[in-house]
Amino acid sequence: MMMSLRAVARSAPRTLTRLSSTAVRQSRVAQPSSLLKSSWAPLRSSQFASAFSTSQLRQGREAEVDEELSLKLDSEIQYESGLKESETLPASVNDFLKNSPFKLKDTPGKEDVTLTRKFGKETISVTFSISDLADYDPDEVFNEDPALEDEEIESPEEKRLTEAEEEGLEDGEENESSIPCRLNIVVEKPDHGALNIEALAQNGQILVENFYYFKDPKLAHGESAESAHAAQDIYPGPPFGSLDEDLQILMERYLEERGITQALAVFVPDYMDIKEQREYQTWLKDVKSFIEA
């Protein structure tokens, strides 16, 4: 898998000298209170304050670290550029962009990516984010309590995915699960509101989690804090897994007819990897430019 290979390539010989961008973001998300604590904690140790201030003033005037940091950033840029040159665009991405009815909206510097298309009177959008790469914790997946699994209600799609994974293990295949990518799907009709489907793209499958309906399409998109807050006060519908199984199957076919297919499930994680690599290189160049200014 490209994503795991790139992560290994980035950190392999330099594990002790630099954390990956994903790891840095994980620590930032996982420990938001540390910055607040440090900013409010009084400095009562005169020894610490003295040692810090003396070295800080001495090094700050001469900017001794700037050149070394700039060289290291340049080394990282060259390394990442080499990885990019050695890789070809995955067939899943190339084929999807050429043959899919969806139009891609990818704004540089933004985490979210949106696919849009027309289907008769309907306007369909699928949004996903590279933030899922930073938030993903494989330990949470593998450390789930097996005793709780029997109590969870599986949708037909989840059952098929589980059966496929079990068959793969029986055939001796390696059980390597891909990163789950969250999808926010909105199907909108003029003057008739919108459906809002929350789903996961993982292991080449679309797993539907929730199937909402909103009379106001703005609530389905949730583009503002106000609309997101308003949506919380509206009954969205029951959990998808609790619906009648035949109803679940028909709803999944409804989505598949509109392009929410296996091809999309394969495209999303592969494109997320490409975008994360692109954004990471831009971040390296921006930081280097700032240091050298």
Side-chain angles (χ1 to χ4, degrees), residues 90-108 110-132 155-158 160-161 178-224 226-228 230-232 234-241 243 246-275:
S92 61
V93 173
N94 192 39
D95 293 344
F96 186 88
L97 293 177
K98 286 184 178 180
N99 304 318
S100 170
F102 284 98
K103 294 182 180 179
L104 180 73
K105 181 182 179 182
D106 180 0
T107 304
K110 301 292 185 180
E111 289 188 327
D112 290 354
V113 178
T114 302
L115 298 167
T116 58
R117 67 164 297 187
K118 285 286 187 179
F119 186 81
K121 298 183 298 181
E122 302 170 356
T123 300
I124 302 172
S125 66
V126 181
T127 304
F128 54 95
S129 174
I130 61 173
S131 63
D132 284 350
S155 69
E157 191 65 45
E158 289 172 326
R160 290 194 291 270
L161 180 59
S178 64
I179 293 179
C181 306
R182 291 171 294 174
L183 305 179
N184 187 59
I185 305 164
V186 177
V187 182
E188 185 177 348
K189 285 185 178 180
D191 303 321
H192 287 83
L195 295 174
N196 181 199
I197 299 93
E198 294 178 346
L200 290 177
Q202 185 176 24
N203 298 331
Q205 301 288 337
I206 301 292
L207 307 178
V208 178
E209 294 187 325
N210 294 295
F211 208 104
Y212 305 142
Y213 168 74
F214 296 103
K215 291 183 178 180
D216 185 352
K218 293 180 180 179
L219 302 184
H221 290 283
E223 295 178 348
S224 66
E226 292 78 8
S227 61
Q232 295 177 357
I234 297 177
Y235 174 70
F240 187 75
L243 296 174
D246 290 338
L247 180 57
Q248 293 182 49
I249 292 174
L250 286 172
M251 286 182 164
E252 289 169 350
R253 288 175 56 189
Y254 173 90
L255 293 175
E256 185 174 357
E257 193 174 46
R258 283 155 177 76
I260 314 303
T261 62
Q262 184 179 17
L264 175 68
V266 175
F267 164 80
V268 169
D270 285 348
Y271 189 82
M272 281 175 60
D273 185 46
I274 293 172
K275 179 172 174 59

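Atoms considered below: every heavy atom in the structure, side chains included; atoms not considered: hydrogens, waters and symmetry mates.
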State, to 0.1 Å, how close [X] and [Y] come at their nearest heavy-atom pair, and which atoms those are.
| X | Y | value |
| --- | --- | --- |
| L243 | P238 | CD2-CG, 3.4 Å |
| S131 | S129 | OG-OG, 2.9 Å |
| L219 | A230 | CD2-CB, 3.7 Å |
| N210 | P239 | OD1-CA, 4.2 Å |
| F96 | A263 | CD1-O, 4.0 Å |
| H192 | P190 | ND1-O, 2.9 Å |

[atom1] of [X] to [atom2] of [Y]: how many Å apart, nearest 0.5 Å?
| X | Y | atom1 | atom2 | value |
| --- | --- | --- | --- | --- |
| K215 | D191 | NZ | CG | 13.5 Å |
| L247 | Y254 | CG | OH | 12.5 Å |
| I260 | I124 | CD1 | CD1 | 6.5 Å |
| Q205 | T261 | CD | OG1 | 10.5 Å |
| F240 | L207 | CZ | CG | 10.0 Å |
| I130 | I179 | CD1 | CD1 | 12.0 Å |

_As a test of understanding, state which of V186, I185, V187 forms a side chain to side chain contact (heavy atoms under 4.5 Å, CB included) with S125._
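Among V186, I185, V187, the one that satisfies the side chain to side chain contact (heavy atoms under 4.5 Å, CB included) with S125 is V186.
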
*Verify side chain to side chain contact (heavy atoms under 4.5 Å, CB included) between L115 and L264, making sure each step is shown before the conclusion.*
CA-CA 10 Å; L115 298 167; L264 175 68; 3.5 Å; yes

Report yes if some heavy atom in the side chain of [X] is under 4.5 Å from a heavy atom in the side chain of [Y]; otherwise report no.
| X | Y | answer |
| --- | --- | --- |
| F102 | T116 | no |
| V113 | K275 | yes |
| Y212 | I197 | no |
| D132 | M272 | yes |
| L255 | M251 | no |
| L97 | L104 | yes |
| N184 | N196 | yes |
| F267 | F128 | yes |

_N/O donor-acceptor pair under 3.5 Å between D216 side chain and K218 backbone_ =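 Side chain of D216 to backbone of K218: a pair is present.
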
_Within 6.0 angstrom of N99 CG, more than 12 heavy atoms from elsewhere_ =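 Yes, enclosed.
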
_Using salt bridge (Lys or Arg N to Asp or Glu O under 4.0 Å), reason through E122 and R258 one step at a time and then give a plain yes or no._
CA-CA 10 Å; E122 302 170 356; R258 283 155 177 76; 2.7 Å; yes

*Could you go step by step and tell me if D270 and S92 meet the side chain to side chain donor-acceptor pair (under 3.5 Å) rule?*
CA-CA 7 Å; D270 285 348; S92 61; 2.4 Å; yes

*Does the ring of F119 carry R117 above it, NZ/CZ under 6.0 angstrom from centre and within 45° of its axis?*
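No, R117 does not lie over the aromatic ring of F119.
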
*Could you point out which residue of K189, E188, K118 forms a side-chain hydrogen bond (donor to acceptor under 3.5 Å, both in side chains) with T123?*
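Of the listed options, the one satisfying the test is K118.
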
*Run the numbers on L200 and L183 for side chain to side chain contact (heavy atoms under 4.5 Å, CB included), then give the verdict.*
CA-CA 6 Å; L200 290 177; L183 305 179; over 6 Å; no

